[in-house]
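Numbers restart at 1 for each chain; the letters A, B, ... are given by sequence-line order, proteins then strands.
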Amino acid sequence: MKTETTTTNLVAPVGMHDVLYPHSVRWEQVIATFANLVERAGFGLVISPLLEDIAVFNRGIGSESDVVRKEMYELSDRGGRHLALRPEGTASIVRAFVQHRPNIVWKAWYLTPAFRYERPQAGRYRQHHQLGVELLGTHDPEADIEIISLAGSFYRSLGIKKVKLSINSMGDSQCRPSYIELLKNLLSERKEQLCKEHEHRVELNPLRILDCKREECIQATADLPHLIDHLCSDCASHFATVQEGLADLGFEAEVNHRLVRGLDYYTRTTFEFSALMLQSAQNAIGGGGRYDGLVEALGGPPTPGIGFGIGIERLLLAADEEGVLPLPESSTDVFVIDIVGGHRARTLVHELRTHGIRAIRSFDNRSLKAQLKLANRSGARFALIVGPDEDRAEAVTIKALREDESQVSIKASLVTDYMKGLLG
RNA sequence: GUGACCGUAGCUCAGCGGUUAGAGCACCAGGUUGUGGCCCUGGGGGUCGGGGGUUCGAAUCCCCUCGGUCACCCCA
């Protein structure tokens with residue numbers, strides 16, 4: 001166990017990153033776009049603790065999943081409680097549902113960091129951030145359609161167009177057990193053909209083997225029957241309705257029978273959005289599915305649910321590749337230059353801001369030249385200059401920074417109204 | 001968890017056994033006694049990621065370690 005780093009330079013933990021201005025502006029845009037979209041659809045923001053009793057994830061996500069087996073950040077608090085940082089959003093939201101029992105149908109959205117102890121690489125971090133929604137309390141395939149189409153609409157409204165939607169059905173407690181038995185029987189005869197990781201896991205969770213990307217597993221499972229051909233009639237018609245509904249709304253979904261996903265709670269519909277422009281292996285920019293047994297698994301009454309999570313970092317990588325979501329040019333209107341000590345800038349920016357004008361100033365009594373340089377770089381449209389002359393005359397000089405207009409001097413008391421006019 | 005490549009100024013990088021470690025950009029000041037962007041001049045900035053070793057001498061070679069990037073697995 002390492003205790004403390006030996007280097008004197010302190011940096012962010014492995015796989016975790018600072019998002020500085022102006023890059024953070026794009027995060028604000030993404031989050032605002034999402035909130036606007038899902039709130040229009042009746043989802044309400046839910047804020048829940050970053051830490052949960054570790055049982056929330058063990059029982060929720062499934063102790064056989066990779067996320068729980070080897071990727072969780074676990075800790076004990078001073079009272080000896082065994083907690084974990086959330087590795088994804090759904091289990092926590094469902095825990096909150098079980099605790100508070102809101103009226104169904106319950107529609108929640110969230111923004112959360114998610115922690116997974118993995119080796120970082122392009123598009124994969126130990127702390128990433130997810131936007132997501134959960135819809136609890138109905139089996140209606142219309143809910144599936146609403147959820148998936150919302151995610152699709154979100155990408156569209158950001159201008160991200162090169163997106164592929166994959167979809168599958170995991171069946172339910174009626175039809176999945178018999179299919180799993182069938183898989184076990186077929187796979188037990190060819191265990192030795194599977195990859196090292198899955199060779200010994202045929203009995204535990206054979207479905208996961210379908211999702212393995214290793215060549216051995218892909219070959220060994222190539223001729224296996226597909227789950228979607230073994231669905232019970234309820235699941236089959238549910239899946240058919242979801243596909244029809246998505247097509248009806250103009251979202252083309254490609255059935256991928258290997259789309260099992262790593263979280264054990266899924267039933268029936270699962271889906272994933274991948275960014276075609278992302279060359280890296282990590283090109284999934286969103287995904288989710290139905291989890292009709294999860295509320296029960298966490299101690300609540302039998303309640304179906306469906307939701308999705310979208311990774312902000314990968315979304316921004318995809319946006320970069322498509323050349324959308326450019327950084328804004330400026331976040332300020334006016335730069336107040338004071339060369340008589342700084343007290344005039346103090347009152348001027350205060351008054352301008354009070355009236356809704358974005359106004360900044362410099363500190364440390366810099367020279368006129370230095371302050372003009374800062375004003376130019378700030379992207380402000382106008383500089384307000386107060387020197388000894390203006391100070392004496394109780395005036396300010398207004399200088400346009402983006403065009404060659406002659407500057408004007410006006411009474412200080414009229415500045416706010418004048419600037420309002422100039423800025424429209 | 002496994003593997004590959006890479007760590008020199010705030011950033012991008014040059015230097016790859018031999019004085020006091022450089023460039024471009026960025027930053028600061030001056031040229032212009034009250035006017036930014038362009039230009040010119042000057043300036044501040046470095047435990048050469050860290051530790052150990054080889055050597056008369058190490059940013060340079062070797063070992064370890066930490067960090068970064070990418071890939072596998074899995075996922076957002």
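- Across all strands, A:R366 comes closer than 4.0 Å only to sugar-phosphate atoms, never to a base (heavy-atom distances).
- A salt bridge between A:R26 and A:D320 is present, with a side-chain N of the basic residue lying under 4.0 Å from a carboxylate O of the acidic one.
- Taking atom C1' on both B:A21 and B:U2, the two are 38 Å apart, rounded to the nearest angstrom.
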Pick out the pairs of N or O atoms, protein on one side and nucleotides 34-37 of chain B on the other, that lie under 3.5 Å.
unit_1	atom_1	unit_2	atom_2	d
B:G34	O6	A:D389	N	2.7
B:G34	O6	A:D389	OD1	3.4
B:G34	O6	A:D389	OD2	2.9
B:G34	O6	A:E390	OE1	3.2
B:G34	N1	A:E390	OE1	2.7
B:G34	N1	A:E390	OE2	3.1
B:G34	N2	A:E390	OE2	2.8
B:U35	O2	A:K399	NZ	3.2
B:U35	N3	A:Q407	OE1	3.2
B:U35	N3	A:Q407	NE2	3.1
B:U35	O4	A:Q407	NE2	2.5
B:G36	N1	A:L401	O	2.9
B:G36	N2	A:N376	OD1	2.8
B:G36	N2	A:L401	O	2.4
B:G36	N3	A:N376	OD1	3.4
B:G37	O4'	A:N376	ND2	3.1

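- Atom P of B:C48 sits at a distance of 14 Å from the matching atom of B:G22, rounded to the whole Å.
- Using a 4.0 Å heavy-atom criterion, one finds that A:V67 contacts no nucleic acid atom at all.
- Judged as a side chain to side chain contact (heavy atoms under 4.5 Å, CB included), and not counting sequence neighbours, the contacts of A:V19 are A:H23, A:S24, A:W27.
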Dump the pairs, protein N or O against N or O of nucleotides 70-72 of chain B, anything under 3.5 Å, distances to one decimal.
unit_1	atom_1	unit_2	atom_2	d
B:C70	OP2	A:A122	N	3.1
B:A71	OP2	A:Q121	NE2	3.4
B:A71	OP2	A:A122	N	3.4
B:C72	N4	A:R124	NH2	3.3

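- The side chain to side chain donor-acceptor pair (under 3.5 Å) search around A:T267 returns none, not counting sequence neighbours.
- The gap from the C1' atom of B:G10 to that of B:G46 amounts to 12 Å, rounded to the nearest Å.
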Can you list, pair by pair, the side-chain donor-acceptor contacts under 3.5 Å of residues 42-51 of chain A, counting residues two or more places apart and other chains?
unit_1	atom_1	unit_2	atom_2	d
A:S48	OG	A:R86	NH2	2.6

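- Of the P atoms belonging to B:C64 and B:A29, the separation is 49 Å, rounded to the nearest Å.
- Comparing B:U12 with B:G50, their C1' atoms sit 24 Å apart, to the nearest whole Å.
- Aromatic ring centroids of A:F335 and A:F382 lie 6.0 Å or more apart.
- Pair check for B:C11 finds B:G24; Watson-Crick or G-U wobble, both atom distances under 3.5 Å.
- At the heavy-atom level, A:Q371 lies nowhere under 4.0 Å from the strands shown.
- Contacts of A:R208 with the nucleic acid, taken as non-hydrogen atoms under 4.0 Å apart, involve only primed sugar atoms and P, OP1 or OP2.
- Nucleotides B:C56 and B:U19 have their C1' atoms positioned 15 Å apart, rounded to a whole Å.
- Annotation: side chain of A:Y266 is not in contact with side chain of A:V260 (no heavy-atom distance under 4.5 Å).
- For the pair A:L135 and A:F308, the minimum side-chain heavy-atom distance is 4.5 Å or more.
- Counted by atom type alone, A:E390 and A:T397 present one or more donor-acceptor pairs between their side chains at under 3.5 Å.
- Distance check on atom P: B:G7 versus B:C28 gives 31 Å, rounded to whole Å.
- Atom P of B:C62 sits at a distance of 16 Å from the matching atom of B:A4, rounded to the whole Å.
- For A:H230, the ring pair (Phe, Tyr, Trp, His ring centres under 6.0 Å) partners are A:Y179, not counting sequence neighbours.
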